[in-house]
Amino acid sequence: MAWQPTPEEDERFLNAAIEQAQQSWDEGGIPIGAVLVSYGKILGAGHNCRVQTGSPILHGETSAIQNAGRLRASTYRESVLYTTLSPCIMCTGTVLLYEIPRIVIGENKTFSMAEDLLRERGVALDVRQDPRCIALMERMIREKPQLWSEDIGVEENEL
Ligand SMILES: [Zn+2]
């Protein structure tokens with residue numbers, strides 16, 4: 001990959017993902033956000049849309065990829081996905097399909113589902129354990145457990 005973000009860029013783009021998560025929470029939604037970046041430019045930013053538009057498949061990551069629109073295969077392969085939470089299996093599938101080579105993950109303490117699969121397939125993961133991301137998730141799980149269980153396809157008593 002020709003483009004490698006600097007540590008400052010990683011920080012800036014994770015912050016952009018966190019802004020998306022905070023915006024979603026402020027709208028009454030699930031506080032998970034993401035941005036897709038290539039060569040220092042945000043191609044798409046998004047957040048979980050379950051509450052806002054009723055979408056069961058627009059998670060933070062898929063929403064950012066959706067909002068980036070149609071891209072060439074070579075662009076995905078030279079991009080980095082920044083997400084506030086460790087990706088679920090659905091978002092992992094999208095990353096693997098388009099061969100996005102690296103993900104910066106805000107945290108994986110409150111949820112981790114598919115990191116082994118991503119690593120097995122050669123995706124570089126950079127987990128930050130950012131306290132802002134953890135706080136957003138912990139608050140939702142405490143205040144709206146039904147919403148969270150719905151988002152990851154489990155019943156509330158299975159959390
Ligand atoms: Zn997901």
Side-chain angles (χ1 to χ4, degrees), residues 10 13-38 42-71 73 75-77 79-130 132-156 158-159:
D10 275 347
F13 296 128
L14 182 60
N15 284 342
I18 294 171
E19 277 172 30
Q20 287 289 323
Q22 182 67 53
Q23 182 195 327
S24 183
W25 178 254
D26 292 344
E27 292 169 355
I30 292 174
I32 304 168
V35 295
L36 183 68
V37 176
S38 189
I42 293 178
L43 303 176
H47 57 70
N48 188 296
C49 291
R50 178 166 299 269
V51 170
Q52 290 92 331
T53 69
S55 172
I57 58 174
L58 287 178
H59 280 183
E61 301 91 324
T62 44
S63 180
I65 292 164
Q66 164 82 14
N67 290 336
R70 293 171 59 181
L71 299 173
T75 302
Y76 291 112
R77 293 172 192 159
S79 67
V80 176
L81 183 65
Y82 296 80
T83 177
T84 57
L85 181 67
S86 190
C88 76
I89 191 75
M90 175 176 71
C91 296
T92 291
T94 308
V95 165
L96 295 179
L97 172 66
Y98 291 117
E99 299 182 18
I100 295 170
R102 178 171 176 251
I103 311 175
V104 176
I105 296 171
E107 64 109 348
N108 66 2
K109 283 191 181 313
T110 65
F111 178 79
S112 180
M113 180 182 257
E115 289 186 6
D116 287 350
L117 175 59
L118 285 161
R119 287 199 180 92
E120 252 170 47
R121 297 284 296 261
V123 180
L125 304 183
D126 184 348
V127 182
R128 296 306 176 93
Q129 307 303 17
D130 188 297
R132 295 168 296 174
C133 299
I134 296 169
L136 278 165
M137 283 299 296
E138 285 182 340
R139 185 168 177 197
M140 175 187 60
I141 291 166
R142 190 172 61 243
E143 295 182 9
K144 300 179 177 179
Q146 194 280 331
L147 189 58
W148 175 230
S149 60
E150 181 187 318
D151 198 54
I152 53 176
V154 301
E155 293 297 331
E156 205 176 329
E158 294 169 336
L159 272 181

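Remember, it's 1-based here, ligands and their atoms both numbered in the order they're listed. In what follows, every heavy atom counts, from backbone to side chain, and hydrogens, waters and symmetry copies are set aside. We're numbering straight along the sequence, starting at 1.
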Quiz item: Do Arg119 and Glu115 sit within salt-bridge range, that is, some charged N less than 4.0 Å from a carboxylate O?
Solution: yes
Quiz item: With a cut-off of 2.8 Å, how many protein N, O or S atoms neighbour the Zn ion (ligand 1)?
Solution: 3
Quiz item: Judged by modelled atom types alone, do Glu27 and Gln23 share a side-chain donor-acceptor pair under 3.5 Å?
Solution: yes
Exercise. Hey, could you give me the CZ/CD1 distance between Phe111 and Ile32, rounded to the nearest 0.5 Å?
Key: 8.0 Å
Quiz prompt | Donor on one side chain, acceptor on other, Asn15 and Tyr82, under 3.5 Å | solution = no
Quiz item: Under 4.5 Å between any side-chain heavy atoms of Gln22 and Glu19, yes or no?
Solution: no
Practice problem: Would you please test Gln52 and Ser24 for side chain to side chain donor-acceptor pair (under 3.5 Å) and show each step? | Solution: CA-CA 8 Å; Gln52 290 92 331; Ser24 183; 3.0 Å; yes
